[in-house]
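Data first, discussion second: the structure below is written as structure tokens.
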Amino acid sequence: MGPLIRRRDSMSTPDDNEYRQARLAKLERLREAGVNPYPERYERTCMLARARELDDGTEGVRVAGRVMTARVMGKLSFLTLQDQSGRMQVSVRQDDVGKEDYKVIKKLLDIGDFLGIHGDVYTTRTGEKTVAARDFTFLGKTLRPLPEKWHGISDKESCYRQRYLDLLMNRETMDRFLLRSRLIRTMRSLLEAEGFIEVETPVLQTKASGAAARPFKSHHNALDMPIYLRIAPETWLKRCIVGGFDKVFEFARCFRNEGMDPSHLQDFTMLEYYCAYWNYEDNMAFTEKLIQTVLRDLFGTLELEIQGETIDFGGTWPRVTFREMILEDCGIDIDAHETADALREAILAQGIQLEDADRLGRGNLIDHLYKAVSRPKLKAPTFITKHPIDLSPLARRNDDNPRVADRFQLVVNGWEVVNAYSELVDPIDQRRRLEEQSQLKSGGDEEAMEMDEDYLLAMEHGMPPISGWGMGIDRFCALITNQPNLRDVVLFPLMKPVE
RNA sequence: GGGGGCAUAGCUCAGUCGGUAGAGCAGCGCCCUUUUAAGGCGCGGGUCGAAGGUUCGAGUCCUUCUGCCCUCACCA
């Protein structure tokens, strides 16, 4: 299958593209000259960033990369190579490589082609560390031109559709994805150091469970039955705890068939972990430690510049209950309003407008109220705790106040980054809570959860106290790299096909 | 789904009041042994996102469509 190319690109009629024609002709001439345009390997001894640090006079270095710029003269050429580590200049002299080989540089090489250079390190008279080629190896012919060397590629659509060009031309893009990789690696190693075991749970499921969201549906041909893509790994990871794992985690690709905007993707990565014998308060303490360690490892500081503000991740983050927060921000004490109607009146009395307020239940009213009056103000990392119980069907009921859950969310810059709770491990309460959800669902609430007998069966075999935790990796990554759109931390975001 | 914006050469962008589509880089040819946005001389390259309309004449004005971005709504 060919790459997705914009309509105005000449992919549809490649033959009339002057660049492609010229390069195909060079490809032929390379072969005629006895040069393999696509050789199988190259013995590289050094990445470019490392080679730049070598002393002048270092001999016999072998570097390789893509030619990004070329300053070709009659008998001497300077080329800039690029590999994953960065860029470096190399030089090729006709006197060193011979007339025939030099002709390859002069006549058959294009920007974008791959080259291996075997030579010696020196510094040019303009102060540029350079590898002078004793000989070189042609390592790959490109048929299309790269974007312009100075401005690179900036069209957002092209960057998303042809991310390889964005990665090649914009170092910030490459650095961002390298950072995402390091973030995941650091998280994994911290969890492993803490005794967590990485597991894998099903992506294809016969029931989409573990969160309130609309799933993607598919069809299993051999079993002739509907299949759902997972919306969360939660109930499976808790089955692992039933089975005797004490600490598990999974980097779980999840899929939700809902609206897309800069902070929601239909295809995203959640990190979830579950720890036996912890409660949500243990988990808050661990969350602080985990995130602070990650940030120190990635940036060497706990103060990040996010959307024009300096956000300090240091110290102990405030823990604020839903009730306290809403009371402070709009004067409404949610505990003083036991029913949805009473709460609705109080909200109206404060002159606060909420969309569809008349059809929301008490829990959703509280949630919407929080999102309207409190969440946008939360810039520095803050733990919001004690969510309404009916918004948390899998979370443990608080022992002192049965209307709230032992739950917290970490909010930074108005984004919910972590969601965690003491898990509900009482199978009787769980059954009741899922029955309530299932009633909501049959009443038309598409996001309500379904009854999940298989999960209840597992629960009835016994669960220890558990605290579970989930982080949107894409969101966290976008947050710490200061990207307003989640697509900027996903290599190949879903795009509608052109044509 | 509502509102706003964008789409011109491979890339980055100009294009005035509606009057023969331009530049830089890239490409092609020639010259060039210390360049680094290399330089010099010369030459090509366009379905102006698509379709329709207004007009003597449309890149430009109008309508519809497609894709992308922002925003509101929905959505953890």
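These numbers come from the heavy atoms of this one structure, side chains and all, not from hydrogens, waters or symmetry mates. Letters A, B, ... are given to chains in the order of the sequence lines, protein chains preceding strands, and every chain is numbered from 1.
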| message | Please confirm whether the shortest side-chain N or O distance from A/T69 to OP1 or OP2 of B/U35 is below 4.0 Å. | response |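 No, outside the criterion.
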Measuring from the side chain of [X] (C-beta onward, heavy atoms only), which nucleotide among [options] has the closest atom?
{"X": "A/H264", "options": "B/C75, B/U35, B/U12", "answer": "B/C75"}
{"X": "A/F78", "options": "B/G67, B/A76, B/U34", "answer": "B/U34"}
{"X": "A/R375", "options": "B/G10, B/A76, B/C11", "answer": "B/A76"}
{"X": "A/K156", "options": "B/C70, B/U12, B/U34", "answer": "B/C70"}
{"X": "A/E258", "options": "B/A26, B/U34, B/A76", "answer": "B/A76"}
{"X": "A/Y160", "options": "B/G10, B/A37, B/C69", "answer": "B/C69"}
{"X": "A/N485", "options": "B/A76, B/C28, B/C69", "answer": "B/C69"}
{"X": "A/I111", "options": "B/C74, B/A76, B/A26", "answer": "B/A26"}
{"X": "A/R407", "options": "B/A76, B/U34, B/C11", "answer": "B/A76"}
{"X": "A/P147", "options": "B/C11, B/U34, B/G67", "answer": "B/C11"}

Taking the [atom1] atom in each of [N] and [M], what is the distance between them to the nearest angstrom?
{"N": "B/U64", "M": "B/A21", "atom1": "C1'", "value": "26 Å"}
{"N": "B/C11", "M": "B/U66", "atom1": "C1'", "value": "23 Å"}
{"N": "B/A37", "M": "B/G15", "atom1": "C1'", "value": "24 Å"}
{"N": "B/G18", "M": "B/G57", "atom1": "C1'", "value": "8 Å"}
{"N": "B/U8", "M": "B/G53", "atom1": "P", "value": "24 Å"}
{"N": "B/U16", "M": "B/G22", "atom1": "P", "value": "14 Å"}
{"N": "B/A23", "M": "B/G46", "atom1": "P", "value": "14 Å"}
{"N": "B/U47", "M": "B/U34", "atom1": "P", "value": "41 Å"}

Under 4.0 angstrom, heavy atoms only, what part of the nucleic acid is [X] near: base, sugar-phosphate, or nothing?
{"X": "A/K107", "answer": "sugar-phosphate"}
{"X": "A/K371", "answer": "base"}
{"X": "A/R475", "answer": "nothing"}
{"X": "A/Q94", "answer": "nothing"}
{"X": "A/G152", "answer": "sugar-phosphate"}

Can you tell me whether the side chain of [X] and the base of [N] have a donor-acceptor pair closer than 3.5 Å?
{"X": "A/E128", "N": "B/U35", "result": "no"}
{"X": "A/E148", "N": "B/A37", "result": "no"}
{"X": "A/E18", "N": "B/G10", "result": "no"}
{"X": "A/D155", "N": "B/C11", "result": "no"}
{"X": "A/D367", "N": "B/A76", "result": "yes"}
{"X": "A/T124", "N": "B/U35", "result": "yes"}

Would you call [X]-[Y] a salt bridge at under 4.0 Å N-O?
{"X": "A/R396", "Y": "A/E423", "answer": "no"}
{"X": "A/D390", "Y": "A/R403", "answer": "no"}
{"X": "A/R66", "Y": "A/D113", "answer": "no"}

When the distance from [atom1] of [X] to [atom2] of [N] is rounded to whole Å, what number comes out?
{"X": "A/E157", "N": "B/G49", "atom1": "CD", "atom2": "C1'", "answer": "10 Å"}
{"X": "A/D261", "N": "B/G3", "atom1": "CG", "atom2": "P", "answer": "19 Å"}
{"X": "A/L81", "N": "B/U35", "atom1": "CG", "atom2": "C1'", "answer": "15 Å"}
{"X": "A/K496", "N": "B/G49", "atom1": "NZ", "atom2": "P", "answer": "20 Å"}
{"X": "A/R71", "N": "B/C31", "atom1": "CZ", "atom2": "C1'", "answer": "19 Å"}
{"X": "A/Y102", "N": "B/U35", "atom1": "OH", "atom2": "P", "answer": "14 Å"}
{"X": "A/H368", "N": "B/A76", "atom1": "NE2", "atom2": "P", "answer": "9 Å"}
{"X": "A/K26", "N": "B/G29", "atom1": "NZ", "atom2": "C1'", "answer": "12 Å"}

| said: Between A/R475 (side chain only) and A/S263 (backbone N and O only), is there a donor and an acceptor less than 3.5 Å apart? | reply: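 Side chain of A/R475 to backbone of A/S263: a pair is present.
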Strictly by Watson-Crick or wobble contacts shorter than 3.5 Å, is anything paired with [N], and which nucleotide is it?
{"N": "B/G42", "value": "B/C28"}
{"N": "B/U47", "value": "none"}
{"N": "B/U60", "value": "none"}
{"N": "B/A9", "value": "none"}
{"N": "B/G1", "value": "B/C72"}
{"N": "B/U16", "value": "none"}

Mind checking whether [X] and [Y] have ring centres under 6.0 Å apart?
{"X": "A/F286", "Y": "A/Y273", "answer": "yes"}
{"X": "A/F216", "Y": "A/Y228", "answer": "no"}
{"X": "A/Y421", "Y": "A/Y280", "answer": "no"}

| query | Within a strict 4.5 Å, meaning less than it, do heavy atoms of the A/L30 and A/K141 side chains meet? | reply |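 Sidechains of A/K141 and A/L30: in contact.
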| said: Show, in sequence, the C-alpha distance, side-chain angles and deciding distance for A/E59 and A/R134, and conclude whether the salt bridge (charged side-chain N to carboxylate O under 4.0 Å, His left out) test is met. | reply: CA-CA 10 Å; A/E59 297 193 346; A/R134 293 184 197 173; 3.6 Å; yes
| Residue mapping more 5' on RNA chain B - nearest nucleotide basis, A/P484 or A/A213 | A/P484
| said: Reading RNA chain B from 5' onward, which residue's closest nucleotide shows up sooner: A/L76 or A/A212? | reply: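 Residue closer to the 5' terminus by nearest nucleotide: A/L76.
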| request: Run through A/N283, A/N279, A/N398 and flag the one making a side chain to side chain contact (heavy atoms under 4.5 Å, CB included) with A/S422. | output: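 Among the candidates, only A/N279 passes.
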| task | Would you check if A/W150 stacks with the base of B/A37, given a 5.5 Å centroid limit and a 30° plane limit, both strict? | result | yes
